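This chain uses plain numbering: 1 for the first residue, then up along the sequence. As the structure is a prediction and not an experimental result, all values here were calculated from the model.
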Amino acid sequence: MSTLIESKSLTDGLLYQHFHPHIHAFTFTDSIRETIDAGYDKIIELDTYHAQNGLHIQYLYVLDHITLTSYMALKLQKATALTLAELTESIAIVADTFLAAVIDRLMMPLINQEAQSVTRFFTTEQEAFAWFEQRREEIGY
């Protein structure tokens, strides 16, 4: 079971939560530049820390009734290009079926193939947390 360590709003449209051991959840309720930039900055900070310390990071992205904008796509592309090969990450995305399909088709081919990254789409947060448990058992941390 994952225990909540920290919860704070990074912007009006972005809630950040940190769960034990290495789960970082981002709940987006809008896709304006301020929100996307705040998420991007936090993700780069977390990626760097976890890569430098050899830690497995698990991201949960909850996309609550948002649309994929060109700015969001640009920042996603930039973040995935910067993903360090040393980083082991598990990414769970909770989104409606249409948005999940768009992200899967447009963004997944752009992910750094050298990175140790696995992405899955879910319809509920509970499914994502169950998968995180499974991934920790598979990886060993």
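Residue F28 is grouped with residue I91 when hydrophobic side chains (ILVMFWY) are merged at heavy-atom distances under 4.5 angstrom, including chains of intermediate members. Note on L60: it clusters hydrophobically with L4, by side-chain heavy-atom contacts below 4.5 Å among ILVMFWY residues. Clustering ILVMFWY residues whenever any of their side-chain heavy atoms sit less than 4.5 angstrom apart, transitively, puts L10 in the very cluster that holds L63. No single ILVMFWY cluster, assembled from side-chain heavy atoms under 4.5 Å apart, contains both Y49 and L87. In terms of hydrophobic clustering, with Ile, Leu, Val, Met, Phe, Trp and Tyr side chains grouped at heavy-atom distances under 4.5 Å, V62 and W131 are assigned to a common cluster.
Remark: K42 pairs with E45 by the salt bridge (charged side-chain N to carboxylate O under 4.0 Å, His left out) rule, at least two apart or across chains. For the salt bridge (charged side-chain N to carboxylate O under 4.0 Å, His left out) test, no residue two or more places apart in sequence or in another chain qualifies with E137.
Looking at T35, its side chain never comes within 3.5 Å of a backbone N or O of L14 through a donor-acceptor pair. Judged by distance alone, with hydrogens and angles left aside, the side-chain atoms of E127 form no donor-acceptor pair with the main-chain N or O of F122 at under 3.5 Å. A donor-acceptor pair under 3.5 Å is formed between the side chain of Y59 and the backbone N or O of I43.
Residues A51 and E86 share a closest heavy-atom pair of O-CB, 4.3 Å. Across F19 and S2, no two heavy atoms sit closer than the pair CB-CB, 4.1 Å. Listed here is the closest heavy atom pair of L55 and H22: CD1-CE1, 3.9 Å. Scanning all heavy atoms of the two residues, the minimum distance from L76 to L68 falls at CD1-CD1, 4.1 Å. Scanning both residues, S7 and L15, for their nearest heavy atoms gives OG-CD1, 3.6 Å. The two residues V94 and A128 make their nearest non-hydrogen contact at CG2-CB, 4.4 Å.
With contacts defined as side-chain heavy-atom distances shorter than 4.5 Å, the pair L46/E89 does not qualify.
Aromatic ring pairs are classed by plane angle as parallel below 30°, tilted from 30° to 60° and perpendicular above 60°; the pair H50 and H24 is perpendicular.
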